[in-house]
J.: 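Encoded as structure tokens, here's the structure I'll be asking about.
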Amino acid sequence: MEREVRVRFAPSPTGPLHIGGVRTALYNYLLARKLGGKMLLRIEDTDQNRFVPGAEQYIMDALRWCGIEIDEGIEQGGPHAPYRQSERKPMYRQYAQQLIDSGHAYYAFDTAEDLDAMRARLTAAKVPNPQYNSITRAQMRNSLTLPEDEVKQLLESGAQYVIRLKVPRKEEIRFNDLIRGWVVVHSSAVDDKVLMKSDGMPTYHLANIVDDHLMEITHVIRGEEWLPSAPLHVLLYRYLGWEATMPQFAHLPLLLKPDGTGKLSKRDGDKLGFPVFPLEWHGTDAETGQPTVSSGYRESGYLPEAFINFLAFLGWNPGTQQELFSMQDLIDTFTIERVSKSPARFDQNKVRWYNEQYLRAKPDAELAHYLIQELHTQGLAVPQEKAEQIAALVKERATFPADLAKEAQLFFQRSTTYDEQVISKKWNAPVAAALAAFAQELTTAPDTTPDGIKALLTQVVEGQGMKLGQVLQALRVAVTGAAAGPDLMHIMHILGAPETAQRIQLAVEKLAA
RNA sequence: GGUCCGUUCGUCUAGGGGUUAGGACAGUAGAUUUUCAUUCUACCAACAGGGGUUCGAUUCCCCUACGGACUACCA
């Protein structure tokens, strides 16, 4: 029987989610939707020391903003609740016990000092890879080296202990990664990982395998940083007797910093000159305890569609020439086989370009709605129709919605200054006279459409024995104060004849002085 | 150091034993425009190096170099 595809995104709530994490969530989501499966969100909070308040909520808000929908998780519940590992604590113990009973795990009583001493000893002896493993465990204090009754007594006396996996000495561990093909690791390179911590919490490794099994996960899609521990996970599935339903692994290439010197991390914050978080994050500085703010894509004016489209292409592509993909397009086209193996760097130019594309594709009515709201905060009331005209005119010049409002200012404020370069080059008595005449005509013009205005202007200017090109720049400055901007005829049309005429007259007076 | 992963234009990438090695972003130039921008057109620009295998390797294999990840009672 074909199993239902079930994938999970399993972040730990130690802070905001960075874009690499968002991409991992995205690929999981795309696969789930493509294959008609389920997407789960599981919170991996087994490290109580690293818990950051608000991080969990942030993760859910960020995914929602991105359009990544969760089928089962802490908000929506599901057949395998709870979806927060700290709440599943009692479930892990029995599996650790099962491993001990079957001889695949053991108790270890070593203190932090013991471990440090062991590593120091091994390093001094120039052992290539100092670790707690099949060799060194013979020298440590654990249930393999201590007499049985002493172990029993230690356990009963409440001594601190951990449970470690007994990794075989000589064995090849292999698994077929969906992206990388067969990966083979020798067991001697894997250490006896702690499964249960002395505080009674499982480590990531145990909790992860137990939960993925219990939650019937079919595909584990995660970052490449997990590749080295994948063999350990394979071993756990085997020893727990779950190998037959072990999920398929896919290790995603890393997202690198723009200079390629390492993987992007949440600590990069705003240091890189672009947001690394989907949403703005309010945190506290680890050293000073001062509140900090890290910028987010949402607050910077990025549209979620653009952000997601861009992110999807960082490490994946459809093999066609198409660049613009809606979420549904991505779902329809995505296959894990087309995810690349090599890491990708972040390209700021390209996200901006994507944002421009999506912004321009938005209906004018929607852009107008934004404009109205934005201008309202400035105390300006703008009718829908006018806002739409403005939006249509300026959207080609905008990267972010905020640019729309910026460009729209000229319609609501007369400039108090005039571009000096244009004035010195293009402004003279005949030009001023022609413009004054034009302003005069404009007040009674029957046709104030862009074309009508242009016809009138041409008529007036040529009537004065001049060419249009001689006055246009001056006219622009007279009307807007600036040397550059959107199409002048459209500006004058939206402004209306009376306002345009007044502005021209004002400029003529001011610049004559 | 050890283990693992990776390497096509500046960036994201397509391709794959015989190709003018394709696209997008960025850059440059031109056209359009009253201006800036947009748009359009063109240009620039890459198979890390060395060995094999082969009639032929950018493509397959090996080595080297470089880059990265991991190497916690963190995830």
Side-chain angles (χ1 to χ4, degrees), chain A residues 10-14 44-47 49-50 85 108 110-112 115 119 123 126-132 160-164 177 179-180 183-186 188-191 193-205 207-208 222-231 251 253-254 256 258 260-263 310 313-324 338 340-354 356 360 394-399 403 407 419 422 426 454 457 467-477 480 482-489:
Chain A
S12 85
T14 55
E44 309 228 325
D45 56 348
T46 52
D47 186 351
N49 301 320
R50 294 209 306 160
Q85 286 184 330
D110 315 278
T111 62
L115 295 172
R119 285 188 200 102
T123 308
K126 296 204 168 43
V127 171
N129 53 336
Q131 57 183 15
Y132 206 118
Q160 293 257 305
Y161 68 91
V162 300
I163 296 175
R164 286 181 181 270
D177 188 280
I179 294 170
R180 288 152 211 285
V183 176
V184 184
V185 178
H186 195 89
S188 61
V190 182
D191 62 346
K193 277 274 179 303
V194 171
L195 266 20
M196 278 292 218
K197 299 185 261 188
S198 55
D199 65 358
M201 271 289 194
T203 58
Y204 166 83
H205 303 289
N208 173 264
R222 74 230 298 197
E224 192 191 322
E225 66 267 31
W226 294 109
L227 197 49
S229 55
H251 290 93
L254 260 17
L256 267 27
T261 56
K263 73 168 174 176
F310 168 75
F313 268 66
L314 235 42
W316 171 86
N317 82 87
T320 64
Q321 310 277 75
Q322 189 183 341
E323 303 277 342
L324 266 20
R338 291 203 67 88
S340 56
K341 296 178 171 68
S342 43
R345 299 183 210 186
F346 202 80
D347 184 352
Q348 298 170 67
N349 282 324
K350 202 124 184 205
V351 223
R352 290 174 63 92
W353 179 80
Y354 270 112
E356 286 163 4
R360 282 164 209 177
V394 303
K395 69 176 173 184
E396 298 283 293
R397 313 169 57 76
T399 300
D403 297 332
E407 292 276 348
D419 186 273
V422 173
K426 306 278 187 175
K454 186 164 189 179
L457 179 64
K467 294 244 190 225
L468 206 53
Q470 288 174 266
V471 303
L472 275 167
Q473 272 296 75
L475 177 57
R476 171 181 294 282
V477 172
T480 71
D487 183 88
L488 227 204
M489 303 308 147

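Hydrogens, waters and symmetry mates play no part in the numbers below; they use all other heavy atoms, side chains included.
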J.: Using a heavy-atom cut-off of under 4.0 Å over every strand shown, decide if Ser188(A) touches base, sugar-phosphate, or nothing.
T.: nothing
J.: Does Gly485(A) reach a base, just sugar-phosphate, or nothing at all? Heavy atoms under 4.0 Å.
T.: base
J.: Within the 4.0 Å heavy-atom criterion, would you say Asp347(A) contacts the bases, only the backbone, or no part of the nucleic acid?
T.: base
J.: Can you establish whether the number of heavy atoms outside Lys341(A) located under 6.0 Å from its atom NZ is more than 12?
T.: no
J.: With both distances kept under 3.5 Å, what pairs with C9(B), Watson-Crick or G-U wobble?
T.: none
J.: Categorize Asp419(A) for me: base, sugar-phosphate, or nothing, with a 4.0 angstrom heavy-atom threshold over every strand shown.
T.: nothing
J.: Does the side chain of Arg164(A) get closer than 4.0 angstrom to OP1 or OP2 of C73(B) through an N or O atom?
T.: yes
J.: Check whether more than 12 heavy atoms from other residues, nucleotides or ligands sit under 6.0 Å from atom NZ of Lys395(A), and answer yes or no.
T.: yes
J.: For nucleotides G50(B) and C4(B), find the distance between their C1' atoms and express it as a whole number of Å.
T.: 24 Å
J.: Gln473(A) side chain: which of G15(B), U34(B), C12(B) is closest?
T.: U34(B)
J.: Can you tell me the distance, in whole Å, between the NE2 atom of His251(A) and the P atom of C5(B)?
T.: 12 Å
J.: For Val477(A) and Ala482(A), which heavy atoms make the closest approach, and how far apart are they?
T.: CG2-O, 3.6 Å
J.: Expressed as a whole number of angstroms, how long is the span from Asp191(A):CG to C70(B):P?
T.: 15 Å
J.: Does Ser340(A) make a side-chain N or O approach to OP1 or OP2 of U13(B) shorter than 4.0 Å?
T.: yes
J.: So what does Val471(A) touch, heavy atoms closer than 4.0 Å: a base, only the sugar-phosphate, or nothing?
T.: nothing
J.: Can you tell me whether the side chain of Arg476(A) and the base of U35(B) have a donor-acceptor pair closer than 3.5 Å?
T.: yes
J.: Scan Pro231(A) against the nucleic acid and name what it touches under 4.0 Å (heavy atoms): base, sugar-phosphate only, or nothing.
T.: nothing
J.: Could you tell me whether the phosphate oxygens of U39(B), OP1 or OP2, come under 4.0 Å of any side-chain nitrogen or oxygen in Lys395(A)?
T.: no
J.: Between U19(B) and U58(B), how many Å separate the two C1' atoms, rounded to a whole number?
T.: 11 Å
J.: What distance, rounded to whole Å, do you find between the two C1' atoms, one in A21(B) and one in C47(B)?
T.: 8 Å
J.: When you measure only distances, ignoring hydrogens and angles, does the side chain of Lys350(A) come within 3.5 Å of the base of A26(B) through a donor and an acceptor?
T.: no
J.: How do Tyr161(A) and Glu225(A) order along RNA chain B: which one's closest nucleotide is nearer the 5' end?
T.: Glu225(A)
J.: If you look at every strand shown and take non-hydrogen atoms under 4.0 Å, does Val162(A) touch a base, only sugar-phosphate, or nothing?
T.: base
J.: Starting at atom CH2 of Trp353(A), determine the distance to atom C1' of C25(B), rounded to an integer number of angstrom.
T.: 7 Å
J.: Using purine N1 to pyrimidine N3 plus N6-O4 or O6-N4 for Watson-Crick, or N1-O2 and O6-N3 for G-U wobble, both under 3.5 Å, which nucleotide pairs with A69(B)?
T.: U3(B)
J.: Checking all strands, does Thr123(A) fall into the base, sugar-phosphate, or nothing category for heavy-atom contacts under 4.0 angstrom?
T.: nothing
J.: Taking atom P of U3(B) as reference, at what distance in whole Å does atom OH of Tyr132(A) sit?
T.: 23 Å
J.: Mind checking the C1' distance from G22(B) to U32(B)? Whole angstroms is fine.
T.: 28 Å
J.: When you compare the side chain of Met201(A) with that of Gln85(A), does any pair of heavy atoms fall below 4.5 Å?
T.: no
J.: Could you tell me which non-hydrogen atom of Asn129(A) sits nearest to which non-hydrogen atom of Ala189(A), and how far apart they are?
T.: ND2-CA, 4.4 Å
J.: Given that both distances must come in under 3.5 Å, which nucleotide forms a Watson-Crick or G-U wobble pair with A21(B)?
T.: none
J.: Any base atoms under 4.0 Å from Gly223(A), or only sugar-phosphate, or nothing? Heavy atoms, all strands.
T.: nothing
J.: Taking the side chain of Glu396(A) as heavy atoms from C-beta outward, which of C4(B), U34(B), U38(B) is closest to it?
T.: U38(B)
J.: Taking the C1' atom of each, how far is C12(B) from A46(B), in whole Å?
T.: 13 Å
J.: Is any side-chain heavy atom of Val162(A) less than 4.5 Å from a side-chain heavy atom of Thr203(A)?
T.: no
J.: By the 4.0 Å heavy-atom rule, please label Leu468(A) as base, sugar-phosphate, or nothing.
T.: nothing
J.: Distance check, rounded to the nearest 0.5 Å: Asn49(A) atom CG versus Asp199(A) atom CG?
T.: 7.5 Å
J.: Using OP1 and OP2 only, check whether a side-chain N or O of Asn317(A) sits under 4.0 Å from A14(B).
T.: yes
J.: Between A75(B), C73(B), U34(B), which nucleotide gets closest to the side-chain atoms of His205(A)?
T.: A75(B)
J.: So, does Arg397(A) get its side chain near the phosphate of U39(B), meaning an N or O under 4.0 Å from OP1 or OP2?
T.: no
J.: Taking atom types as they are modelled, would you say the side chain of Arg180(A) forms a donor-acceptor pair with the base of C5(B) within the 3.5 Å cutoff?
T.: no
J.: Is the phosphate of C70(B), meaning OP1 or OP2, less than 4.0 Å from a side-chain N or O of Lys263(A)?
T.: yes
J.: Applying a 3.5 Å limit to both distances, which nucleotide forms a Watson-Crick or G-U wobble pair with C40(B)?
T.: G30(B)
J.: For residues Tyr132(A) and Val194(A), determine if any side-chain heavy atom of one lies less than 4.5 Å from a side-chain heavy atom of the other.
T.: no
J.: Sequence neighbours excluded, which residues qualify as side chain to side chain donor-acceptor pair (under 3.5 Å) partners of Asp487(A)?
T.: His490(A)
J.: Paired with U58(B): which nucleotide, if any, by Watson-Crick or G-U wobble criteria at under 3.5 Å for both distances?
T.: none
J.: Can you tell me how far P of A72(B) sits from CG of Leu195(A), to the nearest Å?
T.: 16 Å
J.: Assign Arg352(A) to base, sugar-phosphate, or nothing according to its heavy-atom contacts below 4.0 angstrom with the strands shown.
T.: nothing
J.: Determine the Euclidean distance between corresponding C1' atoms of C60(B) and G18(B); express it in Å to zero decimal places.
T.: 15 Å
J.: Heavy-atom nearest nucleotide on RNA chain B for Leu314(A) versus Tyr354(A): which residue maps closer to 5'?
T.: Leu314(A)
J.: Using atom C1' of each nucleotide, how far apart are G16(B) and U11(B) to the nearest Å?
T.: 23 Å
J.: What's the gap between C66(B) and C40(B) when it is taken at their C1' atoms, as a whole Å value?
T.: 41 Å
J.: With a non-hydrogen cut-off below 4.0 angstrom, is Arg222(A) in contact with a base, only sugar-phosphate, or nothing?
T.: nothing
J.: Look at all strands and tell whether Ser342(A) reaches a base, only sugar-phosphate, or nothing, counting heavy atoms closer than 4.0 Å.
T.: sugar-phosphate
J.: Within a strict 4.5 Å, meaning less than it, do heavy atoms of the Leu468(A) and Lys454(A) side chains meet?
T.: yes
J.: Both distances under 3.5 Å, Watson-Crick or G-U wobble: report the partner of U53(B), or none.
T.: none
J.: Which is true for Ala483(A) with a 4.0 Å heavy-atom rule: it touches a base, it touches only sugar-phosphate, or it touches nothing?
T.: base
J.: Starting at CG of Leu227(A) and ending at C1' of G67(B), how long is that distance when rounded to a whole Å?
T.: 16 Å
